[in-house]
Amino acid sequence: MARQFLLSHPMNSMRHTKVILFLLILLSLWALHRKYHFSTRHLQKMSQCWFQARQTELKLSDWFHPTQIVELVKKNLTITEWSAPIMWHDTYDESVLKKYYADHNITVGLIVFAVGRYLERYLGRFLISAEKFFMSGQKVIIYVMTDNFSAVPWVYLGRHHTFKIFQIGREKRWQDVSMMRMKTIRDHIVDHIQYEVDFLFCMDVDQVFRSSYGVETLGESVAQLHNFWFWAVPHMFPYERNNLSEAYMPKGKGDFYYHAAVFGGTPIQVLNIVRECTKGIMNDKKNNIEAVWHDESHLNKYFFLHKPTKILSPEYCWDYLHGMPPYIKNVRLSWNFKSYRPLRESN
Ligand SMILES: *[C@@H]1O[C@H](CO)[C@@H](O)[C@H](O)[C@H]1NC(C)=O
Ligand SMILES: *[C@@H]1O[C@H](CO)[C@@H](O)[C@H](O)[C@H]1NC(C)=O
Ligand SMILES: *[C@@H]1O[C@H](CO)[C@@H](O)[C@H](O)[C@H]1NC(C)=O
C-alpha cells in the first residue's frame with residue numbers, strides 16, 4: 001500500500017498536479033472563450049509562469065565545476081562514468097544552489113542510531129555539531145533511533161531543526177545492530193518519514209560535523225566514498241567475495257567502495273536502498289551467511305547495481321587517522337578519534 005504513495009517524489013507529484021490543473025484551466029477557459037470570446041491574457045500569463053517554473057530546474061553545468069585538484073590522487077574522482085558529480089570543495093557554486101533551494105521550501109531528514117554505549121558516548125556531540133553545520137538555513141528533522149529514551153541528551157536546537165526520538169529494540173550482537181538498522185529505516189520511511197521530508201540522510205552516530213554540510217550534498221541517491229579505499233582499484237576493495245552471498249561482487253567488478261556511515265537521497269530512493277539491503281541480509285541469514293562488512297557489503301552491492309546520482313568525496317566523512325593529504329581541504333564530517341569501524345565493536 002505504501003508503495004502506491006511512493007510512486008513519485010513529492011516535488012514530482014506537485015508538478016503533475018500543476019500540469020493537470022493547468023490543463024483543466026486551459027479547458028475551462030477554452031470553453032468560456034468559445035462562449036464569450038473571453039480574453040486569454042490571464043491564461044497566457046499563467047502558462048508563462050508555468051514554463052518559467054519548469055525552466056528553473058537546475059542542470060549539472062549550472063552549479064558543478066569540477067577542478068583539477070583531485071587529479072592528485074591519479075584517478076578521475078570528479079565525475080563518474082555515468083555522469084554523477086563527486087563533491088569536493090571548490091567544485092560547486094554555492095550561491096546558485098542556495099538560491100535554487102530557497103525557492104523550493106524543502107525539508108531534510110537525518111536518521112541517526114544511538115544504541116548501547118554509543119548513545120552516551122557520541123550522540124550529544126553529533127547533535128550539537130549537526131545543529132551548527134548540517135543544512136543550515138533549511139528545515140531539518142533529526143530522527144534519533146535509540147534503545148534508551150531516558151539517556152538521550154537534551155540539546156538546544158534552533159528554529160529550523162526538529163528532533164524526533166523513537167525507541168527501538170535491543171540486539172545482542174553488534175553485527176545485528178548494524179544490519180537491523182536497514183530494516184528499521186525501511187519501516188520508518190514507510191510509516192511517516194516519506195510524508196515529512198524531501199531528502200533524507202542516514203548516518204552513523206560516532207561522527208562529528210566540522211564545517212558546512214549543505215544543499216550541495218542533496219540528490220536522488222547519494223553515496224559516500226570510503227575515506228580509506230577511495231584511491232584504490234576495484235579488485236582491492238573489501239567487497240563480499242563469497243558467491244553464495246547476495247552481496248557477492250566478482251573480483252575486478254565495481255566502481256568505488258562506499259561507506260555505510262553515510263548514505264541518502266529522496267525518501268523513495270532511500271527506501272529502495274534499505275529494502276534491497278534488508279532483502280539481501282535476510283536471504284543471507286536464511287543460508288547462514290553473513291557478509292564480510294555486513295550492511296556495508298550489501299550497500300556496496302546495491303550501489304553497484306543502481307548507480308548513485310551523487311557521490312560525496314572523503315571530505316564528507318574523513319578520518320583524521322589518515323592525516324591531511326593536500327586534496328583534503330575542507331572536512332565536513334569526521335569520524336571520532338578511535339577505531340577503524342564505527343558501530344563495529346564492544347557493544
Ligand atoms: C513551506 O512548507 C511548509 C510545510 O512544510 C508550509 O507550511 C509553508 O507554508 C511553506 N512555505 C512556502 C513559502 O511555501
Ligand atoms: C538508560 O539511561 C539511563 C540514564 O542514563 C540509565 O540510568 C539507565 O540505566 C539506562 N537503562 C538501560 C537499560 O541501559
Ligand atoms: C563459487 O565459489 C566456489 C569456490 O569459491 C567455486 O567452486 C564455485 O564454482 C563458484 N560458483 C559459481 C557459480 O561461481
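In listed order, ligands and their atoms are each counted from 1. Only this structure's heavy atoms are used, side chains among them; waters, hydrogens and symmetry mates stay out. Sequence positions, counted from 1, serve as the residue numbers for this chain. Here the structure is a predicted model, which is why all the values come from computation and not from measurement.
The nearest protein heavy atom to atom 7 (O) of ligand 2 is not closer than 4.0 Å. In this structure, atom 12 (C) of ligand 3 has a protein heavy-atom contact shorter than 4.0 Å.
Residue contact check: S150 has heavy atoms under 4.0 Å from atoms 1 (C), 2 (O), 3 (C) of ligand 2. Residue contact check: N243 has heavy atoms under 4.0 Å from atoms 1 (C), 2 (O), 3 (C), 8 (C), 10 (C), 11 (N), 12 (C), 14 (O) of ligand 3.
Grouping the Ile, Leu, Val, Met, Phe, Trp and Tyr side chains by contacts below 4.5 angstrom, directly or via other members, places V140 apart from Y156.
Contact analysis puts R170 in contact with ligand 2, with a non-hydrogen atom separation below 4.0 angstrom.
A salt bridge links R181 to D204: one of the charged nitrogens lies within less than 4.0 Å of a carboxylate oxygen.
The protein atom (non-hydrogen) at minimum distance from atom 2 (O) of ligand 2 is N148 ND2, 2.3 Å. Atom 5 (O) of ligand 2 has as its closest protein heavy atom A151 CB, 3.6 Å.
Residue K164 qualifies as enclosed at atom NZ: its count of foreign heavy atoms under 6.0 Å is above 12. Other residues, nucleotides and ligands contribute over 12 non-hydrogen atoms within 6.0 Å of the NZ atom of K251.
Aromatic pair F303/F263: ring centres not closer than 6.0 Å.
Checked by atom type and distance alone, the side chain of H104 pairs as donor or acceptor with a backbone atom of Y100 at under 3.5 Å.
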